[in-house]
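Note that these values count all heavy atoms, side chains included, but never hydrogens, waters or copies made by symmetry. All values derive from a computational prediction rather than experimental measurement.
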Amino acid sequence: MVARRYSPPLFSVAPMMDWTDNHYRTLARMISKHAWLYTEMLAAETIVYQKDNLDRFLAFSPEQHPIVLQIGGNNLNNIAKAVELAKPYGYDEINLNCGCPSSKVAGHGCFGVRLMLDPKFVGEAMSVIAANTDVPVSVKCRIGVDDHDSYNELCDFVYKVSSSSPTRHFIIHSRKALLNGISPAENREIPPLKYEYFYALMRDFPDLRFTINGGIKTVDEANAALRLGAHGVMVGRSAYQNPWRTLGHVDTAIYGAPSSGITRRQVLEQYQVYGDSVLGTYGNRPSIREVVKPLLHLFYTDPGNGPWKRKADAAFQHCKTIKSFFDETLVAIPDYILDAPVAEPPSGREDLFANTLSLMPPPYEDREQKILLEA
């Protein structure tokens with residue numbers, strides 16, 4: 001495979017189930033040319049069992065590069081087969097999900113964040129992934145699970161995985177996960193953020209690369225994390241729920257690229273071509289509603305947003321093409337909104353990383369001795 005050259009992953013959009021599908025990623029790439037995009041988590045078993053229908057799960061347009069495939073699973077054979085099956089699609093990195101707290105994943109599925117309790121398996125899984133691909137591999141995890149939430153336990157996980165596999169990149173959601181029955185949404189809010197753990201990892205593992213995730217909502221806040229030393233920043237819901245004002249500033253404010261001056265009318269013209277080309281690719285899927293879903297946040301807080309969504313609800317009932325959907329609904333959005341380039345970015349919270357460095361735990365020590373004693 002020919003090595004591709006892209007901007008470094010200073011800014012990436014988090015993998016989000018039911019959200020970061022092909023349609024959203026197509027929209028995101030129209031707005032930002034440099035942000036790294038992640039797929040939804042795909043279970044290794046799904047890829048293996050759908051090997052005769054892989055395009056539906058793995059295909060993407062070349063414009064979506066750079067793009068990372070996130071997989072989940074707890075069976076080494078299926079993980080190996082899944083990565084091998086995905087290889088021809090040309091993803092730029094393969095990521096293993098060790099952070100999802102959903103009961104379907106971490107509970108009955110026994111993978112996701114539950115894998116943090118078994119770093120030996122994660123090291124084996126990452127070695128298997130690396131052996132079946134020729135692109136970099138990475139792990140996305142939390143800072144702990146339930147009562148296994150000390151900084152030393154987090155370091156043990158990172159050390160064991162990195163020392164037993166080719167893994168050199170960790171995406172750290174700076175909250176622990178609680179597996180006592182709270183919902184995934186509550187797991188994004190109830191456990192406190194501990195950015196000091198993230199920056200301590202950077203101090204204690206200078207040979208590894210770390211991307212910070214959790215609680216960062218604006219480009220200003222992403223830049224603050226980068227200035228403090230983070231190798232990269234991953235943003236989740238704000239990149240989906242407010243894509244224009246979040247992704248619209250990534251190329252200029254994060255990567256220093258000149259402004260493209262693109263407007264939402266131009267984005268929608270491009271998206272119409274894409275949308276009408278994919279409707280009904282798999283029988284009655286994707287539907288108008290599925291293709292349009294990522295667009296419903298494109299005018300977040302703007303004049304006309306409410307009427308546009310109400311018109312969209314009605315249009316879903318009878319429109320057969322994206323063009324007819326736009327013809328019927330976009331009359332709700334004023335021209336000056338459609339034709340304006342992205343405005344100034346929303347300001348970030350100035351105190352988000354206050355005292356982070358002074359709160360860092362003591363350095364992780366004697367890690368080699370710890371491993372020998374546990375062997």
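Distance check: R289 CZ to C319 SG gives 11.5 Å after rounding to the nearest 0.5 Å. The CG atom of N22 sits 12.0 Å away from atom CD of E290, with the distance rounded to the nearest 0.5 Å.
Both tests hold for R237 against W19: distance to the six-membered ring centre under 6.0 Å, angle to the ring axis within 45°.
Judged by distance alone, the side chains of H318 and E328 do bring a donor and an acceptor atom under 3.5 Å apart. The closest side-chain donor-acceptor pair between T263 and D339, if any, does not fall under 3.5 angstrom. Side-chain contact annotation: Q241 with S238, donor-acceptor N/O pair under 3.5 Å absent. Side-chain polar atoms of D92 and H65 form a donor-acceptor pair below 3.5 angstrom. In this structure, a donor-acceptor pair under 3.5 Å is present between the side chains of D156 and Y364. A donor-acceptor pair shorter than 3.5 Å cannot be found between the side chains of R29 and Q64. For the residue pair E196/T356, the side-chain donor-acceptor check at 3.5 Å is not satisfied.
A distance-only check finds no donor-acceptor pair linking the side chain of H297 to the backbone of W244 [under 3.5 Å]. E221 places a side-chain N or O within 3.5 Å of a backbone atom of K217 that can act as its donor or acceptor partner. Distance alone, capped at 3.5 Å, places no donor-acceptor pair between the N97 side chain and the I71 backbone. Between the side chain of S12 and the backbone N or O of P9, no donor-acceptor pair lies under 3.5 Å. With hydrogens and angles disregarded, no donor-acceptor distance shorter than 3.5 Å links the side chain of R114 to the backbone of L179.
L359 and L352 fall into different hydrophobic clusters, where Ile, Leu, Val, Met, Phe, Trp and Tyr are joined by side-chain heavy atoms under 4.5 Å apart, directly or via other members. A chain of hydrophobic side-chain contacts below 4.5 Å, direct or via other Ile, Leu, Val, Met, Phe, Trp or Tyr residues, connects I172 to L357. A continuous path of Ile, Leu, Val, Met, Phe, Trp and Tyr side chains, each step under 4.5 Å between heavy atoms, connects M17 with M234, placing both in one hydrophobic cluster.
Just one of Y274, Y38, Y240 meets the ring-ring contact (aromatic ring centres under 6.0 Å, His included) condition when paired with Y24; it is Y240. When N95, V68, V233, I212 are each tested for a side-chain contact (heavy atoms from CB on, under 4.5 Å) with I171, only one passes: N95. Each of H231, H169, K140, H173 was scored for a side-chain hydrogen bond (donor to acceptor under 3.5 Å, both in side chains) with T211, with one residue passing: H169.
The salt bridge (charged side-chain N to carboxylate O under 4.0 Å, His left out) check on E124 picks up K120, with sequence neighbours excluded.
A salt bridge links K323 and D327; the closest N-O separation between the charged side-chain nitrogens and carboxylate oxygens is under 4.0 Å. Between D149 and K176 a salt bridge is recorded (basic side-chain N to carboxylate O distance below 4.0 Å). Ionic pairing of R264 and D302 is present here: one or more N-O contacts between side-chain nitrogen and carboxylate oxygen are shorter than 4.0 angstrom. A salt bridge links R265 with D335: at least one charged nitrogen is closer than 4.0 Å to a carboxylate oxygen.
In this structure, the ring of F326 has its center no less than 6.0 angstrom from the ring center of Y271. A distance of 6.0 Å or more separates the ring centres of F60 and Y89.
Taking the six-membered ring where tryptophan is involved, the planes of F170 and F157 are perpendicular, since the angle between them exceeds 60° and thus also 30°. The aromatic rings of Y195 and F353 are tilted relative to each other, their planes meeting at an angle between 30° and 60°.
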